[in-house]
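Chain letters run A, B, ... following the sequence lines, proteins first, then strands; residues in each count from 1.
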2 protein chains.
Amino acid sequence: MEDVAKLAGVSHQTVSRVLNAHPNVSTVTRERVEKAIAELGYRRNTAARSLVTRRSQTIGVLGSDMSHYGPANTLLGVQQAARDKGYFVSMASLDEVTPAAIQDALEYFMMQSVDGIVVIVPHETMFESLSTINISVPLVAVGFGVDERLSVAAVNQRMGASLAVQHLVDLGHTAIAHVCGPPDWIDAAARIDGWRRTLAQAGLPDSVLIRGDWSAESGYRAGLELAAAGNVTAVFAANDQMALGALRAFSEAGLRVPLDISVVGYDDQPEAAYLVPPLTTVNQGFKELGARCMQMLLFDMANGHSGASSVVNPRLVVRSTTASPSGP
Amino acid sequence: MEDVAKLAGVSHQTVSRVLNAHPNVSTVTRERVEKAIAELGYRRNTAARSLVTRRSQTIGVLGSDMSHYGPANTLLGVQQAARDKGYFVSMASLDEVTPAAIQDALEYFMMQSVDGIVVIVPHETMFESLSTINISVPLVAVGFGVDERLSVAAVNQRMGASLAVQHLVDLGHTAIAHVCGPPDWIDAAARIDGWRRTLAQAGLPDSVLIRGDWSAESGYRAGLELAAAGNVTAVFAANDQMALGALRAFSEAGLRVPLDISVVGYDDQPEAAYLVPPLTTVNQGFKELGARCMQMLLFDMANGHSGASSVVNPRLVVRSTTASPSGP
DNA sequence: AAGCTGATTGTTAGCGCTAACGTCGGGGGT
DNA sequence: ACCCCCGACGTTAGCGCTAACAATCAGCTT
């Protein structure tokens, strides 16, 4: 930095002012300094800066289940948003979602003195752990229910489920099954709830609920089961993978989609549009979610813990796996 | 730190010595200091430490295609190894694998003054970019071919493919198709190569090669195609997803696995063991790969660029989708 | 007993940066 | 003409830590 100052014929402090976009620097000087910086390929030392500003410009992202579409994309969304805002992201991923592992990971982030933490661990267990653990930096949880002790950014899963189910109701379906995700997953529970409420609101009775595990395999099994029973005209699957499995099961069972049975997925994975037939599904907008996350975290970092929540609305994407039920 | 020193009745330097496990500290003093540290919940300031040691204890991990099993798990492996070695990991993921995006991400890491970089971008494009770009910290690339300009940690894909194909050859198969991954993916090319060489070594002619895109869908289509042609008794799929798709296609086509046709996958995803029938596949040992990566990076960080390479040997996992071909 | 050795501890000087304050000069009000 | 003010810089003092050196003392040797 001293070198830059010398080359530009100013003091190191003026260089600092230029770097920090301080107002009281004349245009001439600013340009001279910028030229010197470019010429020397100077980069400011993060450690020294952190030492005096007491901020690391780093946020920690705690994740789990990164092989799943949702968590993986949420991570990417957060990471991109952080980078856009000039933050670095440090990540730690949980092999097992236990209080001890969570504690360890948070301790790791504290060692690094991160400025804030984003938690992407969509399990009830995590929710419980967070209520007990007390951490000294702002923390935003992704995908949890609203809770005054926690700042939360989430996709409105109930609304997403509602969108899917209401779409089927509007088409005239009255028997709408749900293939849900595994227990302990918060999103799975929320989607079940949304499915149930929407049926109730439409004055329809509860329908078949089959437990899956997010995998295409489990969707396939559920599809076979539904095809055999033959008592529904539509299925709402809690993710696209399971919808894919169900589609295949129906095709094997000789059921035509959407003529004989309608299918709605959830996630809008890139493949969804290229399935045969293209899958009607629910888009969650992970980029947006990541951006909201950073926004909340920045707010909490500036103003202290808010306990606020930011909810992203999912969007129904109608493709070709849904239609009105054919006559009985 | 001064507080800890005061509480322990020593100088701040002695506290520093204890923290850095310096030899010349008496046991009594060490214990007193440790007690004081515990009592005050003291954590040493990373920024100040970095400022003087000139190391950030952070490595940057550049990744792409994190929704795929391979890259995602490599990242997890590296991340875990880094944490074990006391390093923090900062990540940046590429939306698109272009020289500009790569350059940007590396620049981002330089701003953060990472101590080293791990690149998990399994594309030919990345390899080309790395040859031109010159970066001032040690860099280890994952999964690339050996190149003296680059330090590389990789799974021996050719061997993995060989293991799979040789297993089929040993069972007596003579017509072994390959469903490969998309172009530009280094691993896909290496597996094709391994398949081809092993056939040649066994004195067998080249067989059917069908291009997939890693998705179950593409494996399914390939499976249908192979079933229709009926000219092979075994299939080696370049990943488990495609093997899964092929299994389904064969089942639809009335081919019994492994009686009528054998299938070998690649990756050993957790689901592989639970498919029906359980899938014979190749395990890549991502944990090990991550550990090797860190080992090489640490070496290069200590001794300057080595251009060495560390190769992890994959392991064939024989389950129930492979058997000797039935008579003609 | 003086001197040397080595183990243990304390003292000092930065690492590179920013915040706070000091300085300087030129323009406007009286 | 005088003063004051304010914008545009420079100077100084740390942020919390570690490396290098200085100091101390016990246990030896000569």
Interatomic distance, Leu51(A) CG vs dG16(D) P [rounded to whole Å]: 7 Å
Other residues, nucleotides, ligands: >12 heavy atoms within 6.0 Å of Arg44(A) CZ: yes
Distance below 4.0 Å between Tyr42(B) side-chain N/O and dC17(D) OP1 or OP2: yes
Donor + acceptor pair across side chains of Thr125(B), Asp184(B) (<3.5 Å): yes
Integer-rounded Å distance: dC9(D) C1' and Arg30(A) CZ: 13 Å
Atom pair distance, as rounded to whole Å: CD1 in Ile37(B) and P in dC17(D): 10 Å
dT8(C) OP1/OP2 closer than 4.0 Å to side-chain N/O of Thr14(B): no
Donor-acceptor contact below 3.5 Å, side chain Thr46(A) vs main chain Met111(B): yes
Gap between atoms CZ and C1', on Arg55(A) and dG16(C) respectively (whole Å): 19 Å
dC15(C) phosphate, OP1 or OP2, under 4.0 Å from Ser50(B) side-chain N/O: no
Glu2(B) CD - dC15(D) C1' separation (whole Å): 14 Å
Arg54(A) CZ to dC17(C) P, straight-line distance once rounded to whole Å: 18 Å
Expected rows: protein N/O vs nucleotides 18-20 of chain D N/O, under 3.5 Å:
unit_1: dT18(D); atom_1: OP1; unit_2: Asn20(B); atom_2: ND2; d: 3.3
unit_1: dT18(D); atom_1: OP1; unit_2: Arg44(B); atom_2: NH1; d: 3.0
unit_1: dT18(D); atom_1: OP1; unit_2: Arg49(B); atom_2: NH1; d: 3.0
unit_1: dT18(D); atom_1: OP2; unit_2: Ser16(B); atom_2: OG; d: 2.6
unit_1: dA19(D); atom_1: N7; unit_2: Gln13(B); atom_2: NE2; d: 3.2
unit_1: dA20(D); atom_1: N6; unit_2: Gln13(B); atom_2: NE2; d: 3.3

Donor-acceptor pair, side chain of Ser16(B) and main chain of His12(B), under 3.5 angstrom: no
Shortest non-hydrogen separation from Tyr87(A) to Thr58(A) and the atoms involved: CD2-N, 3.9 Å
Rounded interatomic separation in angstrom, taking CZ from Arg32(A) and C1' from dG10(D): 14 Å
Ring geometry between Phe88(B) and Tyr108(A) (parallel below 30°, tilted from 30 to 60°, perpendicular above 60°): tilted
Separation of dA19(C) P from Asn24(A) CG (nearest whole Å): 14 Å
dG16(D) OP1/OP2 closer than 4.0 Å to side-chain N/O of Asn45(B): no
Whether Ser56(B) side chain and Ser113(B) backbone form a donor-acceptor pair below 3.5 Å: yes
